[in-house]
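Notes follow once the structure below has been shown.
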Amino acid sequence: MENFNEGCELKEFQTLEGHSDRVWSLAWNPATGHSGIPYVFASCSGDKTVRIWEQNLSTGLWGCKAVLDETHTRTVRSCAWSPSGKLLATASFDATTAIWENVGGDFECVSTLEGHENEVKSVSWNASGSLLATCGRDKSVWIWEVQPGNEFECVSVLQGHTQDVKMVQWHPTMDILFSCSYDNSIKVWADEGDSDDWQCIQTLGESNNGHTSTVWALSFNTSGDKMFTCSDDLTLKLWETDSRRMQSGNEFAPWRHLCTLTGYHDRTIFSVHWSREGIIASGAADDCIRLFVENNESLVDGGPLYKLLLKKEKAHNMDINSVQWSPGEKRLLASASDDGTIKVWELLSL
Amino acid sequence: MVSGLINANPIIYEKKERRARPTPTFTDDGAAEPIDQQEIFDHIRDIKDPEHPYSLEELKVINEDAIEVDDQHSYVRVTFTPTVEHCSMATVIGLCLRVKLMRSLPSRYKVDIIVAPGSHSTEAAVNKQLNDKERVAAALENPNLLDMVDECLAPSFG
Amino acid sequence: MAKLDQLTRHIESYVDSSATPAQQVASMDAIGNLVKDNALTLEALVRELGMYLTTTDDIIRARGIHLLAEVLARIESKPLDIATVHSLITFFKDRLADWRALRGALVGCLAMIRRKSNVGVVTDSDAKAVAQSFLENLQVQSLGQHDRNLCFELLNALLELYSDAVSSLGEDLVYGICGAVDAEKDPECLMLAFHCVESLARLYPDPSGILANFAADIFEILESYFPIHFTHPGGGHIHVQREELSRALMSAFSSMPFLEPFVIPLLIEKLSSSLLSAKVDSLKYLKACSSKYGAERMANHARAIWSSLKDAISTYLEEPVFSFTSKPIVGVNFQKNEIVTEALSLLQLLIRQNSGLLVSLIIDDEDVNMVFNSIACHEKYNDIPVQGKQKLHVIGRILYVTAKTSFSSCNLVFQSLFSRMMDALGFSMREINSLPTDNMLPPTGVKFGFLYLCIELLSGCRDLIAVSEEQGLSCDFEHETFCNMLNHISSSLFSAFGSSLSSSADNHLDPDIYIGVKGLQILAMFPGDTFPITKLLFENILRKFMSVITEDFNKTILWKAALKALVHIGSFIHKFHESEKAKSYRSFVVEKIVELLSLDDTTMPFPLKLEALSDIGMTGVMHMLRVLQELEGTVFANLSMIFVHRNLRSSETVVQLLECFSDKLLPWIHENGCSEEPVVHFAVEIWSQIGICMGFSVPFEAKGLLGAIMKVMKLAVGYCSVESQNIIIKKAYDILSSHTSFQFKELEGSPLVPGQYDVSDRDKWVLSIFASAVIAVFPQTCIPNERIVLHLFIITLLRGVVSVAQALGSMINKMISKSEVTETSSDLTLEEAVDIVFNTKIYGKIFSQTYQGNDAVLTDLCLGVGTDTSLQINAICGLSWLGKGLLLRGHEKIKDVTMILLKCLSLGTKSALPLIQDSQEETCMKNLDPLVMKCAADAFHILLSDSEDCLNRKFHARIRPLYKQRFFSSMMPIFLQLISKSHSSTSRSALYRAFAHIISDTPLIVVLSEAKKLIPILLDCLSMLTEDIQDKDMLYGLLLVFSGILTERNGHEAVAENIRIIINGMIRLVEYSHKSLVRETAIQCLVAMSEMPHAQIYPMRSQVLKAISRALDDKKRAVRLEAVKCRQAWA
Amino acid sequence: MADIFDSSLNLEETHFKEGYDEGYKDGLITGKDESKQVGLKVGFEVGEELGFYRGCVNVWSSALHVDPNCFSSRVKISIKQMDELIEKYPVLDPENLQVQEIMDSLRLKFKMVCSSLHVKIDYDGYPKSSSDAKDIEF
């Protein structure tokens, strides 16, 4: 991969208005943005709606294609596309998770998953799209299996976190689930054997020089042997596992702390995302977007492994809740903010 | 939940006289008046305590000096002191403070609400919760809580 | 016969227990009337009632008796023969024993007892019998409230009307009444009960008689009621106020001197209670009692009372107000406090009763001595510890009261304490015969405390003397010790106060300066020319103060204090302005102050001189006259300085002098109704000065000067009577006609051809002053040669002399109209004047050399004949003042004026203007100049706004009530039409501007009535006004009207129809950057809108919230706070 | 000689002793019935909840009798596990340490079954009883 240096610019491409309350998160449709399919992403908000945005190929600008409302009765906290891009899962404070299917352009709610006692805060599809994970304030993580006919069956309820669970994320290649929580820890879950027997196989807590406050999000590199987590303790942490042992699959490869990016942020970091080319974006409550890249010099002298590529001051007028790199060729980054807007950025190297 | 009041008979303190500001002379209509301690205090002084008919000021839960404001960097920190060490109402009070400021301050502002050090048994926990915006957001969608908060924020008759 | 069964019907309906109270009263009245107008004799009635009165059925019997009683009560003034009276009273007396029928019996007895002697009255023996039966049969406290009330009424009646008869009952009576009163709770009954006790006391005055034996019991009964306070909620059904009841009890207490051993201790004890009302009551009671009980009895308690009085005063007396502005002029000033006041007046009473005893108590009091021995010796006020100050003030007050109460007390306190003070101050009272000398400085330094006490003492005896003089009781003070002492020590006192005064640097607290000045002031304010305070000393004091005035003007506090003191002395002395002292005041103060002006020392700041001058002047008419005279002199001296030597410094001086004259002196003269002669003289003199100066070249650039002169002229004339005004105007006209280059000859004919095209500055000068004189005259005042004056004004207003335009307006406003003219007078009528103004042709050349057209009249010029815009603007400005004159008096010609103005505003919309012939159609096509339109629009402001300069009550304008309302309602439709019709944006905005003026100058109520139609236009006006920063204040004014509409209840349904545009408009104004008040008000409007029906405003909600969230970050705090409220209201 | 005083000297002690004994007696009695009350309450609550689950399980199992394939295999397993857990619950041995653990996993399984069957059954007994407290938690 090419070597990023200073002389990059994060150019605002478009500002999307429409949500009447803070935008909590957004998700690019993985099946778009290449081979002439226009870019599509979904955003969800405190206004209880989900909006689908589609790029107009002629103007290159995004427009709101659909508003998914009157299903969730409270804030929609997060959304996730199935790998195929056919299904959209949305998690809401109303304790339900909704599954939407794109039928000829318009979306209909094909199923609602009930089980959490209260707010559902995050939802994630596994690589194959056969499993769905949700988590919430009830401290539990639920794993659902997709059945024929949009049926979803609860495979297992994972209890281990001592506080509400902020985010769940499947490993990009394997059926290992990661969850991070208000209890400052990250937990790794896997199915021991094949009898729906999901167990916590590792906890990355303060003892493993983990985070000292709420862990808000995590993101993997493409190969899946590295993971960044971001936290209320104002740090980003990089974790690593032995990829070969992991691929072999017959035994679990534990994760270990690699490095901590500290001193860059001065308010809570809500979101971190790792681009295909290895650029890590972070969005925080200080209204700034920051980009980090691997620091090649450091390999020789034991300097920091990662360095700040650029910092976008006042990227939004208020907190930034989510930053997501687009799929496809372009280096597009989308950010969602408390100011009710979504911005699409393009990373240009000068 | 403990039935009955957490702190049945709190101490009531004098209300501080509202400091009259020098009436701005309209000759310098252009001059800006940055948001300051007193202005913030005036926003929150009349918030009612969830379980008493008194204002937070009267209960000395807040006072002007415990407010830190930096208009240039759009930052406010309010430190409040629950009436009793184990006051389970601390979170609700904090919530009221946050909501009131959310409604009164420009959106550019970053607000931190914290319990005065050593004034509460589960200080850290309370602070963490009050400054987790996700949980605050969830709280404000809970009708019971919202009613309670609005009740406290209702403009005081006195 | 018919009557009889009628009667029976009434009786039955009354006795029938099922009848409603109303019916019963009705039948009672009916019967009463029957008896009253002799349609029925009592005998007949009684016969009819017979069985009812005697039946064994209690209820029937009770009603029967009650009926009879009520009837009697209704015929109290009907003559009855002795026999009837006797039998009736005997009957009721007996019924008193019949408790079931008691009500009737009581009412009956009362009715009989109250009969007046001329209509047949109860005999003494019968009355006594009633009393006996009462005492034997009635257990008052076992009865209901109403019956108890009756009982006390009866007792009172007996005690008052038959005192001799009942007095013989002696002990039984007293005992009975005590029993009746004991434990009474009801306020109304208590009132009566207390009164009984009081009358009882009157019955047995003997201090060792029957009543005295009951003293203990009576006290025991009454004691429990003091201090009166109502337990059950005040007001309500109770008709008795706490105060009345308390007063009743008080007179009960005070009516029995033999209660003294019981009452006084009780009161003293209650005096120390924590209940404030109790304290006040005890003081009042003590006062009442001591005056009734007399010196001898009170003497026993003097010591106790004294000490508790002292405590009371010490607890409630606040620190004195050390200032000269506040009352009283002589004594020391304290915050009013009921307890202190009561306590002091009680003390005064006691002293008057028994001065010897009280004063000795005071003298020997340990606090007094402490004050004298330690506290009073401190040099500066703030050296004294707080409690010390408190004590000092208390003792001071007490000394004051002691001194002012009576000669004897005054003498005593002087002999004892005053000499002690003097010793302390280092003046020996021993060599009492040594003649007073002025330069006798105190051997010791200043001692604040003693000086303070002196002040209190002096003001005390000063008041004593003053009062006794007013009462005209001719007592020769020569024989009063205190006067002699004072007289002998006075000069020492003088030097004591004087030194404290001179030693006080300005950094001192007020109190230190205060005592010095105050002391001297009091000394100076003793009545009498020679005794006790000699003229010589008086003059020394004045000198002292004057030296401060002339030298210590850098010590602001001291200076002001001294001046105030002089003022007080002045206004006091002015009362006897024939006296010697008055004379010396004039020569030592007034003259000196006056000199200050003329002598040209630059050391003393001129404003201070003026302040002194005016203040002293305002102490009395004579002084004022002198001051005026001098001021006048100075003004004219300086004027000639200016005119002759073009000396600008003296022009400043003149301006200040004139301002002082018009702002301070003139109003005073007016209010204190002293002769206007000097004012007239002053005004006339100014004119002669102008006449003189015209020879020279005046520095006309000195604008301030002209303004000042005009102002003075206006006010002077305005305050004068018609006659005087005539004089002034006459003079003015002479000067104008003789000393200016206006060719009055040419001004007679028409067309008007002014001698030269532009008026010289000098002439403008004179003209403006003349104009301001004209502005201020009464309608009756005659202006010579009015025709010419009018012409002159017309010409010159075209040159842009505003005051002339105003004068023209004023003249038109005050002209007598034909209808009013009584005798054929030479001067113009209104109609003629109007004709002149509107139809006099003006020679074409005046409005541009090149102009070839024919002559035009004023209105043509307004419409822009000729090419000269400034000329047109001047014409319009002139027209608008003219219009104001007409509008105020409600003359219909105003229509034409407004039409012309409208013409200037609106182009190509003639249809709306029936009144204007299209003769100048082509001309108005070319007067597109926006400046002209703006001027025409602002003309409406001139028309409707209240002006300070002219055409107001002060200057005797004729103002027709409600003229604004009328104008508004006549203009509104026209404007609505014009605006709707006008196509050019310029004229539209001009129309908006004019209309904005009208609306913001019209009372809100009127606008409200039209609100519905107005709102859309108002909004357009508002947005139009946002375009030019110049208009920000106008914008604000209009916005206020608008918010007025929104907040007004009956504005609402008008608002309802325009919600969307209103909200949008306001949202736009929230962004207005040039005036934060506008933003603030706009937000308030939005708040008001939030009260409209939710359904209607909901669609706008998000917009509003968005705008508001921006306003939350406004740079002005006030705006932010409004925004928060608004957000609350819309959230 | 001294024995006249003994009684008075030991006065406090004796008084104290008596007082103590009385207090102790009372304590025993009151303590007993209090704990009895508590026991009843808790016992009842637990019983109620267990009963509730038992009921549900029975219904479901009988449904399975009628049509063995009416539920997915996973659900069948869960139901079976619930059955076992209920059996396993040491009703007569409150001291047993497993109690809470079993109850928890019971509740969990129950929730899973419900959500898989898309049925909204809620046991609104004991655990939710303090709901008003939950209202102001966040």
Side-chain angles (χ1 to χ4, degrees), chain A residues 74-75 77 91 93-99 109-121 130-164 166 182 191 193-199 214, chain D residues 49 52-53 56-57 60 63-64 67-86 97-138:
Chain A
R74 286 180 59 183
T75 291
R77 174 63 179 90
F93 284 177
D94 65 11
T96 70
T97 307
I99 307 296
C109 176
V110 292
S111 176
T112 52
L113 284 48
E114 299 176 352
H116 281 287
E117 275 180 30
N118 41 43
E119 293 90 351
V120 187
K121 294 189 168 177
S130 60
L131 292 175
L132 189 72
T134 61
C135 65
R137 197 183 108 199
D138 62 8
K139 304 174 185 142
S140 67
V141 174
W142 289 52
I143 299 178
W144 313 77
E145 185 177 66
V146 187
Q147 307 282 335
N150 289 325
E151 273 302 310
F152 286 78
E153 184 167 66
C154 173
V155 175
S156 173
V157 176
L158 315 177
Q159 290 181 312
H161 283 296
T162 60
Q163 293 287 348
D164 67 341
K166 293 294 190 187
Y182 187 88
D191 186 357
D194 45 12
S195 61
D196 294 354
D197 180 11
W198 291 78
Q199 295 298 341
T214 308
Chain D
E49 190 170 3
F52 173 77
Y53 295 137
C56 297
V57 171
W60 288 326
L64 281 170
D67 168 8
N69 307 332
C70 65
F71 301 143
S72 73
S73 52
R74 254 204 209 88
V75 175
K76 285 184 202 156
I77 297 169
S78 305
I79 294 175
K80 188 153 166 305
Q81 288 167 329
M82 278 186 78
D83 194 2
E84 293 159 5
L85 283 166
I86 297 170
L97 299 169
Q98 285 185 297
V99 176
Q100 195 51 41
E101 180 190 329
I102 297 178
M103 187 52 92
D104 287 345
S105 33
L106 245 176
R107 290 180 188 146
L108 195 58
K109 288 288 171 196
F110 179 70
K111 267 200 272 175
M112 287 172 65
V113 177
C114 289
S115 78
S116 303
L117 299 182
H118 295 296
V119 289
K120 272 208 161 302
I121 316 172
D122 257 332
Y123 173 63
D124 49 9
Y126 160 62
K128 281 232 167 60
S129 65
S130 65
S131 58
D132 53 349
K134 280 211 173 54
D135 281 350
I136 65 158
E137 279 170 8
F138 64 95

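A, B, ... follow the sequence lines: proteins, then strands. Residue 1 opens every chain. Note that the structure is predicted; figures quoted are calculated from it, not measured.
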**OP:** With rounding to the nearest 0.5 Å, note down the distance linking SG in A:Cys154 to NZ in D:Lys109.
**Re:** 8.5 Å
Subject >> Side chains of A:Trp142 and D:Lys111 in contact at under 4.5 Å (non-hydrogen atoms) >> reply: yes
**OP:** Could you please spell out the steps behind the side-chain contact (heavy atoms from CB on, under 4.5 Å) verdict for D:Leu108 and A:Gln159?
**Re:** CA-CA 10 Å; D:Leu108 195 58; A:Gln159 290 181 312; 3.7 Å; yes
Subject >> Residue D:Lys76 excluded, over 12 heavy atoms near NZ under 6.0 Å >> reply: yes
**OP:** Name the region of A:Ser140, side chain, backbone, both or neither, that has any atom closer than 4.5 Å to a heavy atom of chain D.
**Re:** neither
**OP:** Please state whether the side chain, the backbone, both or neither of A:Glu119 comes within less than 4.5 Å of a heavy atom of chain D.
**Re:** neither
Original post:
What do the steps show when you test A:Trp144 against D:Ser115 for side-chain contact (heavy atoms from CB on, under 4.5 Å), and what is the final call?
Top reply: CA-CA 10 Å; A:Trp144 313 77; D:Ser115 78; 3.9 Å; yes
Subject >> Criterion side-chain contact (heavy atoms from CB on, under 4.5 Å) on A:Glu153 and D:Arg74, from CA distance to verdict >> reply: CA-CA 9 Å; A:Glu153 184 167 66; D:Arg74 254 204 209 88; 2.9 Å; yes
